[in-house]
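Atoms within a ligand are numbered from 1 in the order they appear, just like the ligands themselves.
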Amino acid sequence: MEKNHSQSLMSKYFTKEVKNKLSGLKTSNGFTVLDAVRSGMENPDSNVGVYAGDEESYSFFAPLFDPIIEEYHGYKKGELHKTDFDSSHIEINNLDSEGKYIISSRIRVGRNLKDFAFSPAISKSERIVAENKIVAALKQFKDDLQGRYCQLSNMSEEIRLQMVKDHFLFKKGDRFLESAGANRDWPEGRGIFYSNDKKFLVWVNEEDQLRIISMQAGGNIGEVFKRLTRALDILQKSLIFAYSGHFGYFSSCPTNLGTAMRASVHIKLPKLGRDETNLKTICASLNLSLRGVHGEHSNSENGVFDISNKQRLGVSETEAVNTLVRGVKELIINKKIMN
Ligand code: ARG
């Protein structure tokens, strides 16, 4: 559905008043409010339409970011991010023990390094410093988490395409990220780490400096969560992530703040999927986002959809997973909607 300018959160909150108030400001990385809104300006069909160049952007441009964050996450000034990685709080571990509906389960978190500019503002040399720090940290992994790091610039086109197809690898950022400046110097400084069993991945210098991903076939979201938690504990021994009590983990896009967590399943919904608008409404009522199987802004294939928690800030990590758990339960275990 084509949307017009007036529907993005950016166009709602980037009023003349806000513009006048923030126009003279520049963060230490040289990021301005015009840089923050460029993606939404150039892409009128944006839902959100703003990106942060660094941690400071969120405080310097608070009159723009705060209301957007409040509307997207339902999270207000003064609230504090909640953390809970205790996997015993996940309400159901295996969402599809019969293996009928769920093709795969995946949880990712986004992270950026403390004191580094985010993808829209980072310089080429700083991006490479970040890559080197991250690659050194990835060497700590042992046993099932052990794997290899591949720089995008060294990857053959054949392997790259196969990995994109298998949902392991990211593509060059879309037009939203392009306008935000996040694709500069592509593919320099970018790469992917994958464990030998390919159940654990780290994307380096995509939309955020790290996208830490745990995934596996089937519906066992509990196992996926535990693997992710183990990996995060190891990474945090040598990396310091950009974090604040209010915003939680910082991300370049305000939709990812807080837990920066997207817990998702690829699920077969052949009947429901015939009416995508209706399915979208059902998902929204369950606080879930609906995507196609090839990532954001992609289409569904053979009635298979990507369903995930929408809210990432103002909920803890286990609550984010439980939103997915409850939603999927509604969709399949209760069979209310499938039949
Ligand atoms: N900027 C895009 C929009 O406003 C994407 C927002 C959320 N997605 C993301 N990958 N950060 O529609």
Side-chain angles (χ1 to χ4, degrees), residues 1-14 31 33-54 57-58 61 64-65 67-75 106-112 118-122 164 167 169-184 186 190 201 203-213 242 247-264 280 283-284 287-299 306-314 320:
M1 191 176 59
E2 262 308 297
K3 281 191 291 171
N4 63 43
H5 227 128
S6 61
Q7 280 172 298
S8 78
L9 294 177
M10 182 280 293
S11 62
K12 184 165 172 188
Y13 294 110
F14 191 51
F31 205 69
V33 76
L34 290 180
D35 295 326
V37 299
R38 185 164 299 113
S39 184
M41 288 288 184
E42 293 182 359
N43 299 281
D45 56 339
S46 292
N47 291 315
V48 183
V50 292
Y51 288 89
D54 45 26
S57 304
Y58 285 105
F61 313 128
L64 172 68
F65 279 108
I68 291 178
I69 290 166
E70 183 170 340
E71 183 160 336
Y72 185 89
H73 296 280
Y75 187 77
R106 177 185 191 268
I107 306 179
R108 64 89 163 145
V109 293
R111 295 285 186 268
N112 289 282
F118 303 160
S119 61
I122 198 166
V164 169
H167 310 283
L169 186 59
F170 51 93
K171 296 174 266 196
K172 184 171 179 176
D174 56 21
R175 61 192 159 84
F176 301 92
L177 287 168
E178 178 68 37
S179 300
N183 288 343
R184 283 169 301 116
W186 192 272
R190 278 86 171 185
L201 317 170
W203 294 353
V204 178
N205 284 321
E206 195 236 11
E207 180 174 331
D208 291 301
Q209 278 147 20
L210 297 103
R211 284 289 174 96
I212 304 158
I213 302 159
F247 291 110
Y249 290 100
F250 280 102
S251 52
S252 60
C253 175
T255 63
N256 285 320
L257 288 165
T259 59
M261 178 177 280
R262 196 173 87 86
S264 61
K280 216 170 192 158
C283 286
N287 223 340
L288 299 173
S289 301
L290 182 71
R291 295 180 176 185
V293 286
H294 294 290
E296 202 173 10
H297 313 291
S298 73
N299 293 323
D306 176 309
I307 289 182
S308 59
N309 61 298
K310 176 173 182 243
Q311 193 187 359
R312 318 199 206 289
L313 175 64

Could you tell me whether R108 and D208 make a salt bridge, using a distance below 4.0 angstrom between a side-chain N and a carboxylate O?
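Judged by the 4.0 Å cut-off on N to carboxylate O distance, R108 and D208 do not form a salt bridge.
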Salt-bridge test for K12 and E71: reply yes if a basic N is under 4.0 Å from a carboxylate O, no otherwise.
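E71 and K12: salt-bridged.
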State, with a plain yes or no, whether a side-chain heavy atom of N112 is found less than 4.5 Å away from one of L210.
no
I need the nearest protein heavy-atom contact for atom 10 (N) of ligand 1: residue, atom name and distance, please.
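The closest one turns out to be E296 OE1, 2.8 Å.
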For atom 1 (N) of ligand 1, closest protein heavy-atom neighbour
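Answer for atom 1 (N) of ligand 1: Y51 OH, 2.8 Å.
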Ligand-residue contact atoms, ligand 1 with T255, heavy atoms, under 4.0 Å:
7 (C), 11 (N)
State whether W203 and R106 meet the cation-pi test: NZ (Lys) or CZ (Arg) under 6.0 Å from the six-membered ring centroid, and within 45° of the perpendicular axis.
yes
Would you kindly say whether R262 and S308 are connected by a side-chain donor-acceptor distance under 3.5 Å?
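A pair is found: one side chain offers a donor N or O, the other an acceptor, under 3.5 Å apart.
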Using a 4.0 Å heavy-atom cut-off, which part of S46 comes near ligand 1: side chain, backbone, both, or neither?
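Both backbone and side chain.
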Considering all heavy atoms, the nearest E178-N183 contact:
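In this case the closest contact between E178 and N183 is OE1-ND2, 2.8 Å.
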If I compare all heavy atoms of Y58 with all of A52, which pair ends up nearest, and what's the gap?
CE1-CB, 3.4 Å
Counting both backbone and side chain atoms, is some N or O of [X] under 3.5 Å from an N or O of ligand 1?
{"X": "V48", "answer": "yes"}
{"X": "R291", "answer": "no"}
{"X": "G49", "answer": "yes"}
{"X": "E207", "answer": "yes"}
{"X": "N47", "answer": "yes"}

